[in-house]
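Quantities reported herein were computed from a predicted structural model and do not represent experimental measurements. These values consider heavy atoms only, across backbone and side chains, with no hydrogens, waters or symmetry-generated copies. Note on naming: letters A, B, ... go to the chains in the order of the sequence lines (proteins, then strands), and numbering restarts at 1 for each one.
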Number of protein chains: 2
Amino acid sequence: MTKGQDTRATILEHALALSSRFGLEGLTIGTLASEVGMTKSGVYAHFDSKEALQVAVLDTARDRFVELVVAPGLRAPRGEPRVRELFERWVAWGERTVLPGGCPFVAAASEFDDRPGSVRDTLVAHQRDWVGMLASTAADAVAEGHFRADLDPRTWAQELFGVVLAYYHFAHLLCMPDAGARARQAFERLMTDASGVLAT
Amino acid sequence: MTKGQDTRATILEHALALSSRFGLEGLTIGTLASEVGMTKSGVYAHFDSKEALQVAVLDTARDRFVELVVAPGLRAPRGEPRVRELFERWVAWGERTVLPGGCPFVAAASEFDDRPGSVRDTLVAHQRDWVGMLASTAADAVAEGHFRADLDPRTWAQELFGVVLAYYHFAHLLCMPDAGARARQAFERLMTDASGVLAT
DNA sequence: GGGAGAATAGTACGATCGTTCGTTTTGGCA
DNA sequence: TGCCAAAACGAACGATCGTACTATTCTCCC
């Protein structure tokens, strides 16, 4: 609860920023140590292995994601308002202002989607949680009467995921300035379709 | 045109497979050399630097993408048939059967979206080409009367990109067996919306 | 304020990284 | 067949990787 946990948190904060830019594999103990102003062994002593460090970084990312996206979303009213809040927070989450390298989960997904191990397991667990929350939020919207009754929440969640992934791709890699506007267009199309109102 | 170019092609083939699994940064000269049954220096002699190797790998991937996705698409009739052909080939392109690690461009995108240099420049150029082709294909479909006249091809391209990216994410990382069916559902929704027919 | 235990520093290990260099093998042409 | 350039090898470079180990410094409680 004291010094140790404190510097461990500091280390993980820097590690999260570094890994968002260079990936969980590109995150190295040496550069991490010099980043926080410690020696390699000083940093390493807080973790059992690099793999454990990577898992801890993912958990830290999850905590921050919950704080910045999930919690504000849950404070919004159930149904459509909550869906909109989650979407906007999720989009903002990928901005370089919150983490210099964008969404760390997307980066980790490409790195570990075919490398078995505890890092991948952790990542998959977090992503499944998030997809599950998106789906249950959609189900809530159905229950509230905001979404049509025959909507499949999990299909809807995958579609929303695509809107955000494409936004990250177009905005960060391709540097397209209107990627955000186009993502919101796609989101609105998703909403009107889910609401069951006939398109004009 | 002889031995040198030949082994260079062999090297790049193995390098492409390796980089699809471990990323362009995780691709290492040593493992690449042992993979093709040569020494490090023997492999290295074919490239000026690792960065040049990474660029060459991306170019190789682009060549194969053109062969497996773009060319078959162009052989299909303009308009909606071509759109469908490109989509199906694009989905198949991400399968582990063609490259063991899935789409190398998606992997490279996460690795290099915030690391300036020739690798990123090459990747961005290829992705811009592909987005441009998708958009012009949509514009063709408008001209053919298959898509409605007020469709914005670039917005449509970004949406389609999202469908495929989400499919890769759900199928490869989350191992969801119905990700393909859901992606095709999303694609059909995209098609009916683009065709201008009112949703049922 | 001194002593116990946590926290960090320091050093070193074997391995591998990208890269360079000189040597040897190979292939194609006279 | 002999030669020359191309191609691959083999060894080594300095640097850094993750990981151990011991030693030193700090923190907190009695």
Any donor-acceptor N/O pair under 3.5 Å between C/dG10 base and A/Thr39 side chain: no
Flag for A/Gln158-B/His169: side-chain donor and acceptor within less than 3.5 Å: no
Listed partners of A/Phe22 passing side chain to side chain contact (heavy atoms under 4.5 Å, CB included), at least two apart: A/Leu18, B/Arg115
Sugar-phosphate, base or nothing in reach of A/Ala45, heavy atoms under 4.0 Å: base
Interatomic distance, A/Ile11 CD1 vs C/dA7 P [rounded to whole Å]: 11 Å
B/Met38 CE to C/dT24 C1', straight-line distance once rounded to whole Å: 14 Å
B/S/- contact track for nucleotides 12-18 of chain C, protein heavy atom under 4.0 Å: -----BB
d(CG, A/Leu53; P, D/dC17) in whole Å: 13 Å
Spacing between A/Arg8 atom CZ and C/dA6 atom P, to the nearest angstrom: 16 Å
With sequence neighbours excluded, residues passing side-chain hydrogen bond (donor to acceptor under 3.5 Å, both in side chains) with B/Asp48: none
Atom pair CG/CE of A/Leu160 and A/Met191 - distance to nearest 0.5 Å: 9.0 Å
Nucleotide C/dG28, atom C1' - distance to CD of B/Gln5 in whole Å: 15 Å
Whole-Å gap separating C1' (C/dT8) and CZ (A/Phe47): 14 Å
Gap between atoms CG and P, on A/Leu32 and D/dT19 respectively (whole Å): 13 Å
A/Arg89 and A/Glu67 ion-paired at < 4.0 Å: no
Side chain proximity check, B/Gln54 to B/Ser118, heavy atoms < 4.5 angstrom: no
Residue-phosphate contact under 4.0 Å: A/Thr7 side-chain N/O, C/dA7 OP1/OP2: no
Check: C/dA9 base within 3.5 Å donor-acceptor of A/Ser41 side chain: yes
Aromatic ring pairing B/Phe161/B/Trp90, orientation class (parallel under 30°, perpendicular over 60°, tilted between): perpendicular
Whole-Å distance separating the NE2 atom of B/His46 from the C1' atom of D/dA7: 7 Å
